[in-house]
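Down below is the structure, laid out as structure tokens.
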There are 2 protein chains.
Amino acid sequence: MTVDAKRVSSPTTSKTQAERTAISDRAMIEAAKDLLLEHGLEKTTLAAIGERAGYSRGLASYRFGTKAGLFDEVCKSISRRWLDYLTERVGRQHGIPAMCTALDSFFSFITEHPRDAQVLQILYGGAASPAAEYRSTSINIHQRQLDDVANWVRAGIGDGSIRSDIDPGSVAAQYIAYISGMTYLWLINPGSVDFGKANDDMKTHLRRSLQKE
Amino acid sequence: MTVDAKRVSSPTTSKTQAERTAISDRAMIEAAKDLLLEHGLEKTTLAAIGERAGYSRGLASYRFGTKAGLFDEVCKSISRRWLDYLTERVGRQHGIPAMCTALDSFFSFITEHPRDAQVLQILYGGAASPAAEYRSTSINIHQRQLDDVANWVRAGIGDGSIRSDIDPGSVAAQYIAYISGMTYLWLINPGSVDFGKANDDMKTHLRRSLQKE
DNA sequence: TAATCACTTGCTTGTTGACAGCAAGTTTGT
DNA sequence: ACAAACTTGCTGTCAACAAGCAAGTGATTA
């Protein structure tokens, strides 16, 4: 008698095991984001994450194994969200329109979800350290973004909208570097850059230097 | 008679107090760079720095106060070296030539001093964390670079070599973001970008989008 | 000029509190 | 009953600090 009433998320008690872990996982990842924003990478402790999430000091350690393991999950969780957000907006576009849409999407993402964007940037910063255990996560995400952009450029060359003497790899590197660098500058000192204006100018620059004729 | 022979750095013994600190300071900063490259920010310990430098486990802590204090010194030391290197090469140039020379200089700097460039990038990464105590050092350096580039652009507009509808602040942000971002990509995965090629393309891109006519 | 003494500075060692990571135990779902 | 989620107890490591030791420095006196 697999009663369905059992599976309906009852307001207080009696969750299924899977629900329990899902809930505590989410709570700890959110707590980790909070604490990362408040105290940064080094001063965020596993005990504090567990307790802020409403559990014991040991749960974060038990669930994610290590501090790096938890940060890796946070990193992947936000990256997934961002890639979905991007994919949804760019759709089947390619060439210069795809690149411009991606710039707009990135700007709206950091405007709508500044918390996630900041946390991701903090984690990417930590990934610059040689022994950082979630370094490969950062590498993979950046590599994927480089590949996507290079493919947009190739498609643009293919349909004749982009000059054929352009090197897709170089443009992709330039483009992703611009986004990474801007996010860093914006994170450490929001007043130092006008992200929106810079993006608009970037779009003009892209058209000027890539567009055929 | 204040004999000079006393001040001549005798090969083994009898250093002046100032000499002693200068020597141990340098040794510890070099040791810190080594260890940062080997183990990253978190896994580099003050004790290991003191010992690798040939002193006791306590000296780094005593001299620099905190781990962040030491990293701040390392950051400033390398930044000074880079800014001198840059200033020497750019000289009194401005406008597009200054921007192109700076790109070349940056590439030759990371080729000639990869160790310093990598360490600096690791430290900048750590500065993304909210409570990082050397965050302001990163902010100041980046702000100065933004200002320098913006001034180059203004000078270029002034002498008529750069289009007058260009926004210097935006271009500066774009330019510094490109350099920061490329360095990050290069650091975490050297194979993913061709820094030299991207720089060459960036120079073409700058001329195409900034140059008058 | 040289010898001694008071003082300063460089450096080391002992100690404390905090944290990551693990293992053994307890509670909750199935 | 069993297993899975979760907690508590514990250990080794580290940053930070404080007390002490040793080497350098400057002034005084003869």
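Numbers restart at 1 for each chain; the letters A, B, ... are given by sequence-line order, proteins then strands. Being a predicted model, the structure only gives us computed values, none of them experimental.
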(message) I want to check one thing: is the phosphate of C:dT9, taken as OP1 and OP2, less than 4.0 Å away from some side-chain N or O of B:Thr21?
(response)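 For B:Thr21, the contact criterion (side-chain N or O under 4.0 Å from OP1 or OP2 of C:dT9) is not met.
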(message) Does a side-chain N or O of A:Thr16 approach OP1 or OP2 of C:dT30 to a distance below 4.0 Å, or not?
(response)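 Affirmative; the distance criterion is met.
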Find the distance [X]:[atom1] to [N]:[atom2] and express it as a whole number of Å.
| X | N | atom1 | atom2 | result |
| --- | --- | --- | --- | --- |
| A:Asp72 | C:dA20 | CG | P | 17 Å |
| A:Glu42 | D:dA15 | CD | P | 9 Å |
| A:Leu35 | C:dC19 | CG | P | 12 Å |
| B:Tyr62 | D:dC14 | OH | C1' | 21 Å |
| B:Phe64 | C:dC11 | CZ | P | 11 Å |
| B:Ile49 | D:dC14 | CD1 | P | 12 Å |
| A:Ile23 | D:dA4 | CD1 | C1' | 15 Å |
| B:Asp25 | C:dT9 | CG | P | 16 Å |

(request) Inspect the contact between B:Asp72 and B:Lys76 and indicate whether a charged nitrogen and a carboxylate oxygen are less than 4.0 angstrom apart. (result)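 Salt bridge between B:Lys76 and B:Asp72, a charged N being under 4.0 Å from a carboxylate O: yes.
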(message) Salt bridge or not between A:Asp200 and A:Lys197? Use side-chain N to carboxylate O under 4.0 Å.
(response)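 A:Lys197 and A:Asp200: not salt-bridged.
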Choose from [options] the nucleotide whose nearest atom is closest to any side-chain atom of [X].
| X | options | result |
| --- | --- | --- |
| B:Leu46 | D:dA5, D:dA15, D:dC10 | D:dA15 |
| A:Thr66 | C:dC11, C:dG21, C:dT15 | C:dG21 |
| B:Lys67 | D:dA16, C:dC19, C:dG10 | D:dA16 |
| B:Thr45 | C:dT15, D:dA15, C:dC11 | D:dA15 |

(message) Quick check: on DNA chain D, is the nucleotide nearest A:Leu59 upstream (toward 5') of the one nearest B:Gly65, or the reverse? Name the residue that is more 5'.
(response)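 Whichever sits nearer the 5' end wins; that is A:Leu59.
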(request) For B:Glu133 and for B:Arg20, find the nucleotide of DNA chain D with the closest heavy atom, then tell me which residue's nucleotide is more 5'. (result)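 On the 5' side of the pair lies B:Glu133.
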Contact class for [X] vs. all strands (heavy atom < 4.0 Å): base, sugar-phosphate, or nothing?
| X | value |
| --- | --- |
| B:Tyr55 | sugar-phosphate |
| B:Ser61 | base |
| A:Arg63 | sugar-phosphate |

(message) Taking the six-membered ring of A:Tyr85 as reference, does the cationic atom of A:Arg89 (NZ for Lys, CZ for Arg) lie under 6.0 Å from its centre and within 45° of its axis?
(response)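 So A:Arg89 does make the cation-pi contact.
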(request) Let me see the working for A:Glu73 and A:Arg63 under salt bridge (charged side-chain N to carboxylate O under 4.0 Å, His left out), right down to the final yes or no. (result) CA-CA 11 Å; A:Glu73 284 307 313; A:Arg63 182 66 51 77; over 6 Å; no
(request) For A:Lys43 and for A:Gly58, locate the closest nucleotide of DNA chain C by heavy-atom distance; then report the residue assigned to the nucleotide nearer the 5' terminus. (result)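 Here A:Lys43 is the residue nearer the 5' end.
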(request) Could you tell me whether the side chain of A:Tyr134 and the main chain of A:Cys75 form a donor-acceptor pair under 3.5 Å? (result)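 Checking the backbone N and O of A:Cys75 against the side chain of A:Tyr134, no donor-acceptor pair under 3.5 Å is found.
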